[in-house]
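A quick write-up on the structure given underneath.
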Amino acid sequence: LNTLLLVAGALLPDIRVVLTAIVNGLPHVLMDGVVTRQEVSAGDEPGVQTLMVTGEDLTALMDRQELDGMPYPALPPEGRVAAILARYALYGIVPMILPGPNLDVPNPTERIPLQHGTDLAYLRELAEETGGVFYVEPGPLPGMNLAYFGPRIGIGVPQPALTHDPGPAGNVESLSFNYQSQDRAIPVAFVENPQTHIPIPVPLPGFNPLDPPLAATPFLPKRAEFLNDTARLSLPAALSRLMSRAAQSADSVRVSGSLDVPRYGWVLKSRKLVGVRGGGLAFDGLYRVESVTTTLKRGEFKQRFSLARNGLVSLTQAVPVY
């Protein structure tokens with residue numbers, strides 16, 4: 001390790017590390033990235049040292065060189081994303097670009113979009129403008145990465161259900177539920193009339209066909225939320241921003257907990273659906289996995305997770321267990 005990480009790290013521009021777990025005979029890529037920091041500390045006993053390696057995923061490669069002023073004439077945001085991600089195909093990054101509901105193609109005689117900052121900063125800026133998301137997900141095979149750009153997706157095949165049961169059917173160590181009905185808001189954007197230059201407020205309760213509701217009783221909005229910096233955007237871009245914010249505000253029910261992976265029999269992954277059992281009529285059903293933190297030790301493989309959905313009482317009568 002000293003030779004590979006310390007000596008070679010001083011000579012090579014990047015050291016790439018892939019962490020893969022084999023669960024029930026299937027590989028699950030937990031992390032794929034580059035080493036960003038190494039620290040060696042002496043132990044309490046003579047001849048004992050600790051080497052701590054810190055890394056980031058492959059988006060660290062996109063956040064190095066600023067390319068201010070890079071032109072993208074006559075390219076919609078999705079075309080600009082494809083051009084940027086093509087530079088990183090050598091690292092096994094496969095783009096998955098889904099156009100939003102409102103396609104905005106700039107007229108090159110009126111304006112030419114220019115890049116601001118690094119590739120990563122500009123990709124996130126484009127995702128915010130279009131009301132979507134951008135992320136790089138490791139896998140599905142070691143050495144591969146999926147770079148997703150598009151609207152938030154809340155559909156797909158659910159992962160095995162999380163069961164809160166003190167008996168043999170239980171596969172989670174802890175599970176807690178909470179909801180905040182005051183967080184529900186109707187987003188309002190101001191769209192400027194090109195003829196009169198008068199901003200017009202446009203509210204949108206929000207419904208994304210790619211992110212349908214998961215609960216039968218959503219909370220009613222308690223307030224209006226006014227979005228900033230939407231008057232300078234075109235109407236399609238402002239509507240995309242509204243749809244994204246409405247979907248985020250709808251997630252008022254949240255679940256947090258922890259699980260033991262060997263007992264669960266699967267590696268829980270974020271940004272996908274998962275079923276919950278044992279929470280009662282109000283909280284059982286499908287949820288969207290917001291975040292997962294994995295802890296690996298000798299003889300121990302655990303995960304902490306956070307789930308969310310739009311309300312109480314599930315729309316589905318059953319959730320897949322395996």
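Heavy-atom basis, side chains included; hydrogens, waters and symmetry copies ignored.
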Hey, are the side chains of V267 and V261 touching, using non-hydrogen atoms and a 4.5 Å cut-off?
-> yes
Is there side-chain contact between M31 and V17, with at least one heavy-atom pair below 4.5 Å?
-> no
Look at the side-chain heavy atoms of Ile, Leu, Val, Met, Phe, Trp and Tyr, link any pair under 4.5 Å apart, and say whether L51 and I15 land in one connected group.
-> yes
Got R277 and V321 here, is their nearest side-chain heavy-atom distance under 4.5 Å?
-> yes
Salt bridge present between K269 and E137 (N-O < 4.0 angstrom) | no
Hey, is the main chain of T36 close enough, under 3.5 Å, to the side chain of T54 for a donor-acceptor pair?
-> no
Spacing of L58 atom CG and D63 atom CG [to the nearest 0.5 Å] | 13.0 Å
Cut-off 3.5 Å, side chains only: do S174 and S258 have a donor facing an acceptor?
-> yes
List the atom of G117, the atom of Q115, and the distance in Å for their closest heavy-atom pair.
-> O-NE2, 3.3 Å
Take F149 and T130 through the test side chain to side chain contact (heavy atoms under 4.5 Å, CB included) and record every step on the way to the result.
-> CA-CA 10 Å; F149 180 91; T130 57; 3.8 Å; yes
Under 4.5 Å between side-chain heavy atoms, hopping through other hydrophobics if needed: is there a path connecting M144 to L26?
-> no
Going by the angle between their ring planes, with limits at 30° and 60°, are H116 and Y122 parallel, tilted or perpendicular?
-> perpendicular
Whether over 12 other heavy atoms sit under 6.0 Å from R64 CZ | yes
T217 side chain to L312 backbone, donor-acceptor under 3.5 Å | yes
Would you sort out whether R271 and I153 count as a side chain to side chain contact (heavy atoms under 4.5 Å, CB included), showing the intermediate values?
-> CA-CA 8 Å; R271 304 185 182 94; I153 296 180; over 6 Å; no
Could you give me the CA-CA distance, side-chain angles and deciding distance for L30 and L296, then say whether side chain to side chain contact (heavy atoms under 4.5 Å, CB included) is met?
-> CA-CA 11 Å; L30 303 178; L296 283 170; 3.7 Å; yes
Look at atom CZ of F301 and say whether more than 12 heavy atoms of other residues, nucleotides or ligands are closer to it than 6.0 Å.
-> yes
Which pair of heavy atoms, one from R254 and one from A308, lies closest together, and at what distance?
-> NH1-CB, 3.4 Å
One should read off an interatomic distance between M96 CE and N145 CG, to the nearest 0.5 angstrom, of 14.5 Å
Crowding at CD, E45 (>12 non-hydrogen neighbours, <6.0 Å) = no
Step-by-step side chain to side chain contact (heavy atoms under 4.5 Å, CB included) determination, F134 to L120 = CA-CA 9 Å; F134 170 76; L120 180 61; 3.9 Å; yes
Do V35 and L19 share a hydrophobic cluster (ILVMFWY, side-chain heavy atoms under 4.5 Å, transitive)?
-> yes
For P99 against E78, the heavy-atom pair lying closest together = CA-OE2, 3.6 Å
Given Y287, which of L162, V253, L273 fulfils the side chain to side chain contact (heavy atoms under 4.5 Å, CB included) condition?
-> V253
Would you say the side chain of Y264 lies within less than 4.5 Å of the side chain of Q159, judging by non-hydrogen atoms?
-> yes
Does a side chain donor of either D284 or S314 reach within less than 3.5 Å of an acceptor in the other side chain?
-> no
Would you kindly confirm whether V81 and L98 end up in one hydrophobic cluster when ILVMFWY residues are joined by side chain heavy atoms under 4.5 Å apart?
-> no
Minimum side-chain heavy-atom gap Y148-V133 below 4.5 Å = yes
Does a side chain donor of either D119 or Y88 reach within less than 3.5 Å of an acceptor in the other side chain?
-> yes
Between M62 and V136, is any pair of side-chain heavy atoms under 4.5 Å apart?
-> yes
Under the 3.5 angstrom rule, does the side chain of D57 hit a backbone N or O of P138 as a donor-acceptor pair?
-> no
Working to the nearest 0.5 Å, report the span between CG of L307 and OG of S256.
-> 8.0 Å
In this structure, OG of S291 is separated from CD of Q303 (nearest 0.5 Å) by 11.0 Å
Could you give the distance from CD (E125) to CZ (R80), rounded to the nearest 0.5 Å?
-> 9.0 Å
ILVMFWY cluster, L259 and L286 together (side-chain gap under 4.5 Å) = no
Tightest non-hydrogen contact, residues P142 and V29, listed as N-CG2, 3.7 Å
In terms of heavy-atom contacts, does CZ of R16 have more than 12 from other residues, nucleotides or ligands at under 6.0 Å?
-> yes
What one should report as the nearest heavy-atom pair of T20 and P27 is CG2-CB, 3.9 Å
How close do I93 and A147 get, heavy atom to heavy atom, and via which atoms?
-> CG2-CB, 3.6 Å
When rounded to the nearest 0.5 Å, the distance separating OG1 of T293 from NZ of K302 is 14.5 Å
Side chain proximity check, F177 to V276, heavy atoms < 4.5 angstrom = yes
So, does R288 use its side chain to make a donor-acceptor pair with the main chain of N310 at under 3.5 Å?
-> no
